[in-house]
Amino acid sequence: MHNEIETPDLSLLNKAQFDACTHNEGPAVVYAGAGSGKTRVICCRIAWLILNQGVPPSSILAVTFTNKAAKEMKERIEKYIGAQKAKNIIVSTFHAFCARFLRIYSHEAGYNPGFSIYDDNDQKSLLKDILKQLNVPDKLLSVNTVKSKIDKIKNQGLTPEEYLQDIKNNQDYSLKEQKYQLRQFGEHYDPELIQKVYAMYQRLMKQQNAMDFNDLLLVMFKLLENSPHVLESLQNRFRYFLIDEFQDTNPIQFKLVSLLSSKTKNLFIVGDDDQSIYSWRGAEPSFILNFHKEHENTKVYKLEENYRSSNTIISAATSVIKNNYKRADKSLYTKKTNGIKIKFKSCEDAFSESKYIANEIYSAIQNEEKFSDFCILYRTNAQSRSLEDELRRRMMPYIIYGSVRFYERAEIKILLAYLKLIINTTDEASFQKVINTPRRGFGDKALQNLKDLSIQRKETLLKTLNEVVFGGIENDITRSISGVKEFMMSYQKWRSNLDSHNKPSQILAEIISDIKFEAYLKTTHPEDFDERWLNVIELKNAIVEFEHIQIDDEFNFENKIQTGIEKLSKFIEQAMLTVEPTVVNVQQGNANAITLMTIHSAKGLEFPKVIIAGLEEGVLPHQNSLDSPEAIEEERRLMYVAITRAKEKLILTNCKRNRFKDFLPAQESRFISEIPFEVIDYADNQNKNIKKEFGKINTIEQKFVDKPRIFKGDDLLKQEMNSTQNDGVTWRKGQRVKHKVFGDGIIREIEKSSQGYRLKIKFEKSSIGEKTLIHTYVQPA
DNA sequence: TGTCCGCTCTTTTTT
DNA sequence: AGAGCGGACA
């Protein structure tokens, strides 16, 4: 036991960290509280395995939940053991891992190697077509509902056939889901119909050689289950599995990793049930809590000392999370001193909230603090807008994660669709995006006709169109083909160029010039053409850069990924699965910038100074969570994650946000009152009694706040009503009412919606006239 | 039949 | 605020 010191950090570990890090063989679970050094334990363990135990780097698989976390982990490991050795360790997300191996084993899985990855929108448009084909009216089953439902089934790891079985023998799962569905969407729920749509969806996806995000996991799992030789080859290669953030694992991911590790049983999992924030994606924190029961001889390690945050921050975090009923028994403590108090500022509107935040950072900068010390966290991406506006206005440098992903920008998306269609001729989603952009006089009607024809002929859209254009098939669309003829010819040229080992970047350049993309962007977006064109250039550069990277890790079996088409599909895969941050106002070569992101993406990260914005009821906790105690607990965990990102300084803000154009007065987030009064500094508020004030508002409003109501099927169709009653208050047409903001008014109409009741009110004094509002904040006059 | 304009509806988190 | 849809116009 002397050699451990060789790994740089081992001697700095505490007892629990050291024990976990040098855990020998077999299953292990590490309960790691926030800031207790779990990433360090994983990285040190990897280093220890390689340097001290002589484990070959390529037999280690480390899984994280975001690409950012994977990247950070990889960098840290490189620091410990050097880039050369670290190169062959696979550190990635579940999705990226699966995509990588599915490219290699695609034939066994029943797909072609050039399979497309469909994003949410592609998924939705396919589902929309299916619902249309099955004559399912939107009122009965909306695209959103069926998508969410199918995603959930896939998260459970069920194929359409298995789901059918599940409906037949196991009512529990369906019932559990039903409750969720109704709460979310208030629609009629019919498992058999969902199953039918799901089966058809999977069939078509396979036909189109496409996988959605969940398919990456599901298809991979089924492949391992059904092809023993593939499983064996992966089991022989991977012998050590380390999984971070295990509380966010969903059943399919759990099954996948269980199967892979079943041979060596060297499964090392790390997590914290208090930081479980992905239950909406099917994650089940029970996996980590019950892990030791399901795996014999599991060693349990507990990391409870926090090294990250001041005592003030820890006490705020622990007293918030204490309010959760469902959680494992454990504690988190720090030996650090109290440090500075937590600031809280309540603002008038989102604009002044952003201003306050920018001011706080600005004055800190004058005191020699760095921009990069600061991270601004929020619940929803939409909140970033006003913050960005303010930071941009003041020329403050920032890096924003999420929001508009690079590849989701319209101009990038369309070019990627061209590329995807060249790789995968059966990618119908891309075909539909591409065929009339730029305009070729081939509109909706023509597309619909083409779709009908292709269903009839059982051919892809592309092939069908090809036959109409060149094969002389007579059809309704024959007269709208003059514009697409040129496209079809270009397409054939691009494809044959790519086949003959041309460089992907050349193909992209050809596409851009052949379709006159620059001119197209200029006419359609004259106001921000420059920015869009810059994005196009950035895409070009990215591909060129990608061409230069040797894909030479040893899992590029027999150097498979060498041809243009393979490189290109790898590039697109990467674009689909990773989020590149957007950098604004940052001088070149300078990493000094404020970080902006959602709380979800901040998990696993830490910053000296953290600002949590938008602490209002309806934002954090989110509106959609207010009616469910479990959902509130998850929101609370989100708050806990947010607080524990901070090392030294925490600033909380909120405002009377203008949401969805309905002016709803803000109520302070309940989570603020869960923080001990004495650790909060209210000095920045004009009204020093703000806490009391908010308390008062809460009690006045609470009486009128109604839980969202759920209506099934036919109820939804009946929109008009004369009166209704909720929580003891009766609403009638013609009744005089008072609104918290707009004053006196008369109810004109009462509507039901999936959200609850909506009252159309004519206001007498306010300039807004007539407005439909959710009845919250309205009281009888 | 294609395109454009304005109206309506939605309204979380991520791979 | 933004996307998607339907209707009006060319």
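In what follows, chains carry the letters A, B, and so on, assigned in the order in which the sequence lines appear, proteins first and then strands, with residues in each chain numbered from 1.
For A:Ser669, the side-chain hydrogen bond (donor to acceptor under 3.5 Å, both in side chains) test picks out no residue, with sequence neighbours left out. Under the rule for a salt bridge (charged side-chain N to carboxylate O under 4.0 Å, His left out), the partners of A:Arg636 that lie at least two apart in sequence or sit in another chain are A:Glu674. Scanning for salt bridge (charged side-chain N to carboxylate O under 4.0 Å, His left out) contacts around A:Asp129 gives A:Lys451, with sequence neighbours left out. In this view, A:Arg385 satisfies the salt bridge (charged side-chain N to carboxylate O under 4.0 Å, His left out) rule with no residue, not counting sequence neighbours. Listed by chain and number, the residues in a ring pair (Phe, Tyr, Trp, His ring centres under 6.0 Å) with A:Phe287 are A:Phe254 (sequence neighbours excluded).
Between A:Phe97 atom CZ and B:dT15 atom P there is a gap of 18 Å when expressed in whole angstrom units. Between the CD1 atom of A:Ile277 and the C1' atom of B:dT15 there is a distance of 14 Å, rounded to whole Å. Residue A:His600 contributes atom NE2, which lies 11 Å from atom P of B:dT15 at whole-angstrom precision. Atom CD in A:Gln383 sits roughly 14 Å away from atom C1' in C:dA1 (whole-Å rounding). The separation between A:Leu218 atom CG and B:dT15 atom C1' is 15 Å, rounded to whole Å. As a whole-Å value, the separation of A:Leu638 CG from B:dT14 C1' is 13 Å. Summarising the geometry, the separation between CG on A:Leu217 and P on B:dT14 is reported as 17 Å, rounded to the nearest angstrom. The distance between atom CD1 of A:Ile435 and atom C1' of B:dG2, rounded to the nearest whole Å, is 15 Å.
Ion pairing of A:Arg440 with A:Glu486 is absent here, as no side-chain N (NZ or NE/NH1/NH2) approaches a carboxylate O to less than 4.0 Å. A salt bridge does not link A:Lys124 to A:Asp120: none of the charged nitrogens lies less than 4.0 Å from a carboxylate oxygen.
Applying the 5.5 angstrom centroid cut-off and the 30 degree plane-angle cut-off, the aromatic ring of A:His622 is stacked upon the base of B:dT12.
At a threshold of 4.0 angstrom between heavy atoms, the contacts of A:Tyr278 are confined to the sugar-phosphate backbone, with no base atom among them. In this structure, A:Asp120 reaches the bases: a heavy-atom distance under 4.0 Å links it to at least one base atom across the strands shown. Among the heavy atoms of the strands lying under 4.0 Å from A:Ser601 are primed sugar atoms or P, OP1, OP2 only; no base atom is included.
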For nucleotides 2-5 of chain C, tabulate all protein N/O to nucleotide N/O atom pairs closer than 3.5 Å, reporting atom names and distance.
residue, atom, partner, partner atom, Å
C:dG2, OP1, A:Arg385, NH1, 3.3
C:dG2, OP1, A:Arg385, NH2, 3.4
C:dC5, OP1, A:Lys128, NZ, 2.4

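In this structure, the nucleotide among B:dT13, B:dT15, B:dT3 sitting nearest to the side chain of A:Arg439 is B:dT3. For A:Arg379, counting side-chain heavy atoms from C-beta on, the closest listed nucleotide (B:dT15, B:dG2, B:dT13) is B:dT13. Among the nucleotides B:dT14, B:dC4, B:dT11, the one closest to the side chain of A:Asn144 is B:dT11.
Here the side chain of A:Asn67 pairs a donor or acceptor atom with the backbone of A:Leu577 at under 3.5 angstrom.
Side-chain N/O atoms of A:Asn381 include one lying less than 4.0 angstrom from OP1 or OP2 on B:dT14. At the phosphate of B:dT14, OP1 or OP2 sits under 4.0 Å from a side-chain N or O atom of A:Thr598.
Heavy-atom nearest nucleotides on DNA chain B were determined for A:Leu577 and for A:Asn436, and the one closer to the 5' end corresponds to A:Asn436.
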